[in-house]
Amino acid sequence: MKVATTSFSLLPSILSNKKARLIVITGKGGVGKTSLSLACVKFLSSRGRKVLYNSFDQPANTNLISQTNTDHFDLDVESSAQEYIGKKIGSTTVASWIMKTPFFKSLFNMLPGLAQMILLGNIINMLESDEDLTIVLDSPSSGHALTMLESPENFKEMFRTGLIVEDIDRMQNFLFRDEKMLLMTASLPSQMATVEALELGIELKKRGVPKVHKILNDSLTVCSEILNSPRSEYPEFLKTKLSLEEDLIKNLEKDQWPLMPHFSLNSQDLVIEAMTNFLSTHSRDSA
Amino acid sequence: MSDLAYKNIEIFCGTGGVGKTTLATSRAYELGRKGVRVLLITIDPAKRLKQVLGLKDEKQGEVQKILASHFDAREEFSFDALLMSPRATLSRIASQSEDGADLDNPIVNILTKPYGGMNEIMAIIEVQYQINTGLYDCIVLDTPPGKHFIDFLQSSKKIVQFFDKSFVEIFKFLGKRITKKGEKPKKSLLSIIVSSGVKKLLSYLEKVTGKDFVEDFIDAVSGLYRNREAFLTALKFQEDLKKPSFSNWFLVTSVEQGKSSEAMGLKNEALKFMHKDSYLLINKSLSPYLGQWTPKADDTGLIKLCNSMKARENAIKEVAKEGYKSVLFFPEVLGATPISHVLELADNWK
């Protein structure tokens, strides 16, 4: 089987866009968002960029982060909110008192969108105060990623006036203008995952994301372990798996779905290393 | 595997991409085929169920009849399905309220948009409502992945906190009607103490968010409070879930990269909500195919692939050793469409 190796350079070149300061990786659950996000951080930092990984509102996989030795930071909703309120009203003491009330605690619990908006606001602040920084966001999966990106608009509609609305405008400018956010939806080569990515792309555009990039992860069609053997050597199930995948890819707009190969490795940190090497090998511009 | 007796509630949970939706559908299909009155509910906002069942977005929040013919089955039977819609659940609560305008509030309306973030909380209320209708022998629940599933399980606790007594004092102070018509409001010393702090708090809030919001917000919360009984029914559901006679828990995992450790993590978190009578479902198992495969001795590439596939199967079997009532294996389905997957998996429940 022949592989169009030129298309391998597409993903590294999308990721290398220096305008992109916030790289958001989302997609259906289980498609490899965390591995791809960590590989993306490793790849960009190997090219001399200052990059940090963040797992947003999900607890970070600390084992994997330390195994792969990835630069990262963690945010906590309550302290982020406290910091924000503190800045706005000019007193950290009052802010901490407000956040301790059962009133606010239960409010945050009932409104996950509010918590997400505060985290996102904090991330954008970090990026605006350090022009050399890039952040890779290992985002919640599809539906919850929509909640995250929709939350600024929802809360703007609710608040209408006040200091917070100015801040939300600033957030939205960062996210939806000037290509500062690079949004990628990852998929596995299955109908369920690719359909979800396509639907998600439409929903994201409705919410103001100008361009949605895609990645097809874990593809057998470009897996080096099997491409070196003639197809006649494959067991039946592998032949079927491969042809199902080929049929699926045929129906996708190929140039828009850069592929990441399947790696026959048994631990996630090794897969991330292999992904990073793959990106570096196929990157067109030198480090 | 032998026929597995159904319970009132069957919960499919697990990390992302392991096949919860497809497996839950195959279960509903198989029970429906046996004549059990089944409702399949998805509370994942990603709504893959829509794709599997060929449903339309507009039908979100409405119970729909799924005919076996959708799956090209020869037998005639059906089961019901519901794509969770927070807005639809809220509308029903409002329609049963003595003052329908209670919940017609800009804030409540925004939050109950499909991606407003209220999905997990409204879901627990919806499920309890569907149980109460008495129309079903069994409700099969397809849940959101990972952390959001835990959010769902914690919903009733959040609801209770939200309607917490001390919190309510705020609104009493503001002169809002939080009691039902005819009910006498109680006054307490506590309310006066809390209120003096609340006034300050609201004035700070106003500075940051604007005055209109504070007014809408107070209206929203007092409206919700007057309808709290509709929300607090969810508590019963949480209690019932803990009873082995009431629910079957299916923790779904799959034979893919890194899934075994994720499954362990989720189980540990979900443990405090579930009972010990739970099942582990191992999906996308390649074991049936791998047993017969021996690559040529000099084919290093295929040997590497084969060994890595076998190693994954073994890693997941380690998870299976951890005290489940039973472990069920579902082989990887080599079919293109979700329908072909459902049909083949359904056979495995027999």
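These numbers were taken from a predicted model, which means no experiment stands behind them. Chain letters run A, B, ... following the sequence lines, proteins first and then strands; every chain starts at 1.
Annotation for Ser264(A) and Lys304(B): closest pair O-CE, 3.6 Å, computed over non-hydrogen atoms. Contact record, Pro338(B) with Gln191(A): CD-OE1, 3.0 Å, taken as the closest heavy-atom pair.
Between Glu199(A) and Arg48(B) there is a salt bridge, since a side-chain N of the basic residue sits under 4.0 Å from a carboxylate O of the acidic one. At a threshold of 4.0 Å, the pair Lys113(B)-Glu153(A) does not count as salt-bridged, since none of the basic side-chain nitrogens sits closer than that to a carboxylate oxygen.
For Leu114(A), no part lies under 4.5 angstrom from a heavy atom of chain B. Using a 4.5 Å cut-off between heavy atoms, Pro114(B) makes no contact with chain A at all. Interface remark: Thr240(A) contributes side-chain atoms only to the contact with chain B (heavy atom separation under 4.5 Å). Neither the backbone nor the side chain of Leu200(A) comes within less than 4.5 Å of any heavy atom in chain B. With a threshold of 4.5 angstrom between heavy atoms, Leu244(A) approaches chain B through side-chain atoms but not through N, CA, C or O. Neither the backbone nor the side chain of Gln154(B) comes within contact range of chain A; no heavy atoms are under 4.5 Å apart. With a threshold of 4.5 angstrom between heavy atoms, Asp57(A) approaches chain B through its backbone and through its side chain. Heavy-atom distances place both the backbone and the side chain of Asp212(B) under 4.5 Å from chain A. With a 4.5 Å cut-off on non-hydrogen atoms, Asn228(A) does not touch chain B at all. Using a 4.5 Å cut-off between heavy atoms, Thr294(B) does not touch chain A at all. For Gln292(B), no part lies near chain A; criterion is any non-hydrogen pair under 4.5 Å. Proximity to chain B involves both the backbone and the side chain of Glu233(A), based on heavy atoms less than 4.5 angstrom apart.
Here Glu150(A) is the residue among Glu150(A), Glu203(A), Lys28(A) with the most heavy-atom pairs under 4.5 Å with chain B. Ranked by heavy-atom pairs shorter than 4.5 Å toward chain B, the options Leu64(A), Leu188(A), Ile226(A), Val195(A) are led by Val195(A). Of all the listed residues (Lys20(B), Met118(B), Lys296(B)), the one sharing the greatest number of non-hydrogen pairs under 4.5 Å with chain A is Lys296(B). Per-residue heavy-atom pair counts under 4.5 Å with chain B were compared for Glu166(A), Gln58(A), Met192(A), Glu245(A), and the maximum is reached by Met192(A). Of the listed residues (Lys241(A), Lys33(A), Lys88(A), Gln116(A)), the greatest number of heavy-atom pairs within a distance under 4.5 Å of chain B belongs to Lys241(A).
Leu302(B) is listed as a side-chain neighbour of Tyr234(A), based on a closest heavy-atom distance under 4.5 Å. In this structure the side chain of Ile303(B) never reaches within 4.5 angstrom of the side chain of Glu225(A), judged on heavy atoms.
One finds the NE2 atom of His144(A) at 6.5 Å from the CG atom of Asp44(B) (value rounded to the nearest 0.5 Å). Here His262(A) contributes atom NE2 and Leu305(B) contributes atom CG; the two are 5.0 Å apart, rounded to the nearest 0.5 Å. Distance check, rounded to the nearest 0.5 Å: OG of Ser151(A) to CG of Leu111(B) gives 11.0 Å. Of the inter-residue distances, the one linking Leu238(A) atom CG with Cys306(B) atom SG reads 9.5 Å to the nearest 0.5 angstrom. For the atom pair CE of Met158(A) and CD1 of Ile107(B), the computed distance is 6.0 Å after rounding to the nearest 0.5 Å. We find the CG-CG distance between Leu334(B) and Leu242(A) to be 11.5 Å, quoted to the nearest 0.5 Å.
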Pair Leu290(B)-Phe237(A), side-chain contact (heavy atoms from CB on, under 4.5 Å): steps then yes or no: CA-CA 9 Å; Leu290(B) 287 173; Phe237(A) 84 94; 3.9 Å; yes
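Formation of a donor-acceptor pair under 3.5 Å by the Thr147(A) side chain with backbone atoms of Tyr115(B) is found in this model.
Between Phe159(A) and Phe213(B), the ring planes are perpendicular. Angles over 60° get that label, and only those under 30° would be called parallel.
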